[in-house]
Amino acid sequence: MDATTETTLLPGALTLGDAEAPAGKSRRKISRGLLSDERFLALLVFVFLVGLIASLVYLAYRNDRQTEYVAQTSRLVMLTQGIAKEAGNAILGQAPAFKKLEEASGEFSSTLKILVESGSGLGLQTTPARLTYTLHKVAGDWDETARNVQLILDQKEALLQARSHVNAVNDASPELVERIDELVDLLLSSRAKRSVIKTAARMGMLGQRMIKNINLVLPGGAQATDAVALFSSDIAYFEKAIKQLRHATGKALKNRLDRLEKVFDGILQNAKIILSYARQISIAQNAGQFINNSSDALVYKLVKLKEGYASENNTSLANYLPWLFSLGSLLSLLRLIRVRLTLEAAKAKRQQMKNQRTQRSITTLLEQMGALADGDLTIKPEVKDTATGAIADAVGFAVQEMRYLVGRIQQAAKQITTTSDQSQEIAEELSNKAGQQASQIVDVAAYIQEIARSMESMSSDAKKSADVALQSVDVAKKGASSVQATIDGMSAMRSQMQTTSKRIKRLGESSQQIGDIVALINELSDQTNVLSVNASIQAAMAGEAGRGFSVVVDEVQQLAERSSQGARQITDILKHIRSDTSSAVKSMEEATRGVVESTRLADQAGSSLMEIQRVSERLAQLITEISRVAHKHSDSAMNASQDMAEVKNITIESSASARKVADMIERLAELAKELQKSVSRFKLPKADAS
Amino acid sequence: MRADLRELDPITLLQQMERAVLAREKAQSQAGAGEAQDQWYGIGYMINNKRFVSPLKHVREVLLHSHVVDVPETRSWLRGLANSRGNLITVVDIAEFLQWPLPENSDTGRWMLINDTRLNCAIAVQEVIGLKLFRDSQIHACEKHTSDLKPVAPFLTSRVFKEDSNDWYELDLMMLSKHKTFVNAALQSG
């Protein structure tokens, strides 16, 4: 009950707070409402914090990029200075300078290219637009410088050669000085003329000046031009001086002068070679001059570019973003804390008021419920809009339910009293009928036993039938084997008959042969007859002498006639034999056909007997099955009979139980009366009691 | 008996038989003498299913059929010429000569060579029965022959021999061989 009131009260307090705000400024009301919402404020804090982190990450990234640009630009400045220095060295013919110059130039080009092509190689962002102009100017200056660097590099060989010859001259210079000093010493010792000694001393001064001037050629500039001019005049004077000395000293110093002249010639040769490179040296010198002059301007521009890169971020609004987000999050956090504190205070106040109201209503409710304890069910607790309102409502509902319940109990007790009387009668009747049922069940059990007995006898009969069927199977088997034997006999007979038929045919053929022989005999007897006739004619011609012979002839003729007659008889017999033989053959053939037909019929009989055998077997199986089933039924009937006995017992038991039930119902009626008495102490409104 | 016969040659056999027959006849003649005089021998034969007898003297030999060659320009009843042991003989079909229906060809047909020295002629008969012996009691006179014997009547004698139900007519072959028509076998030209 507490939980429900709290949940309903809390939103009410909030709306009450809102209702106090001025109605006109709806916009401000909404914003204030939002700013009073804790969840919204928390969200705001979170959003500001996320913004802060994002802006910090962005700035860190941007600083990295800026630093890289500045570093690259510084590198360019350094390279520019290096190039100017190395160009000077290169012009002086220093070999390592060329390499350094080339390297520095290449690095400058590649770095500048990276900057110009938006720093793609460094993974940087594009150079800001306002610096692009400066960058392009730097690139223009660099193109000029690079071209001049290339000019110097092109003159590498000439410069190196010139340098080596200058060195050679420098190497030769101590010897020259030494020779001249020796010459001066000799002249002094030989007490030469003063003018001669002076010339020699002047030669020493000239030699040193010549060497100095040669060294001035390579650095170039106005000094170089003057040096070349002075050098030419010095040579002329030097040669002239040597001639003067030779002339003045004669053979005494010839060797010395020769050696001096040789040294001087070497220097002169070198100087000539150096001067032959004059044009290349001049080009290199001009280029060097240009580089030197333009380097300052380039450096200035690069420094400006560097400053541009460095200052790029200071102007951006993004720098203030972290501060903005920090401020925002701080403000929203403060607001959140304040809102929270306000809510807590309002809640505490509301709780106190509620507690007081609840206490009052509880006291009222308890007063009303005092009557209920005395069994007065007529009370109706007052329902108010307080904490106990719901309790009072529930108690009222419970009392109403109890009223209804007590009324129902009284009614039910009355009904039970009337119903239990009826039930008692029914239970007694049930008990009697159960007794009757038991006797009927005994009768049924006897019938079932009788059925079981008849089933058993039927089973035995069926067994006998099955035996008979099996006997018939045996008989059919025997019959089949007899038929098979018959068939075998038939086929033997057929082959026998065929053999006989062949023999008879052969007999016919033999009789034919006999006929031929008989025909021969006939012919012979005919001839004998003719012979006898002729003999008798001869005998008659012989007269009395042939008389005896004629008698013989007569006998012979008779014999011939008899043999002829015999032959005729044989022929007749043979005819008979032939016709008999052919009819016998025909009969044999018919008999063979008959045998074949009989064999077929016997075969049929055999298969019929097999069928009979199969059917009898099946019959035996079926009868056995019937016997088995009948036996099973008999068993079942027996079981049923036993079950019936049990049913009988149960029925008797149920009769007894019904009796007990009747008794119990009687007790139940008594209990109902007691219940009615107990309930009667509750006081009910008039309408309910009726 | 059969063994004995085989062992003997035909001549010896015939001599034995003659001796046996003579001995038997002698015994018979002693028993009833004179009986021999009452007998008449002849050759019995058949033409057109009719029985005839001729005296033994009239017949020289009975021959079996042998090959015959036609003789051109002769009567139809002259069958032709045949060779009998080197002797040329003329064969006459007696049935056709007598204008009787021709007998069917059969094995029984024989030639009878007429015992006439003037001409070697044989007549083809239906069948030669063999020797016929008639007693006097069987000989009857016959003045007039029946119409069916009319063609042969000129050559018959007036005697007829009765044997059981059969009548045997005596045919005079000499008379036949001398008859003008029989001798004139050549076909009349023109």
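Order of the sequence lines fixes the chain letters, A, B, ..., with proteins taken first and strands second; residue numbering starts at 1 for each chain.
Within the 3.5 Å criterion, the main-chain N or O of B/R135 finds a donor-acceptor partner in the side chain of B/Q138. Distance alone, capped at 3.5 Å, places no donor-acceptor pair between the B/N83 side chain and the B/L88 backbone. With hydrogens and angles disregarded, a donor-acceptor distance shorter than 3.5 Å links the side chain of B/Q126 to the backbone of B/N48.
The contact between A/N529 and chain B is made entirely by side chain atoms (from C-beta outward), counting heavy-atom distances below 4.5 Å. Within the 4.5 angstrom heavy-atom criterion, no atom of A/E523 approaches chain B. Using a 4.5 Å cut-off between heavy atoms, B/L131 touches chain A through backbone and side chain atoms alike. Residue B/R19: no heavy atom, backbone or side chain, is found under 4.5 Å from chain A.
By number of non-hydrogen pairs under 4.5 angstrom with chain B, the leading residue of A/V530, A/N534, A/V533 is A/N534. Between chain B and the options A/Q527, A/Q557, A/M541, A/Q538, the largest number of non-hydrogen pairs under 4.5 Å is found for A/Q557. Chosen from B/P55, B/G130, B/A20, the residue pairing most often with chain A at heavy-atom distances under 4.5 Å is B/G130.
We find that A/E597 and A/R600 are joined by a salt bridge, their nearest charged nitrogen and carboxylate oxygen being less than 4.0 Å apart. The pair B/R110-A/D526 meets the salt-bridge criterion, with a side-chain N (NZ, NE, NH1 or NH2) lying under 4.0 Å from an Asp/Glu carboxylate O.
Between B/L176 and B/F182, the shortest heavy-atom distance links the atoms O-CB, 3.3 Å.
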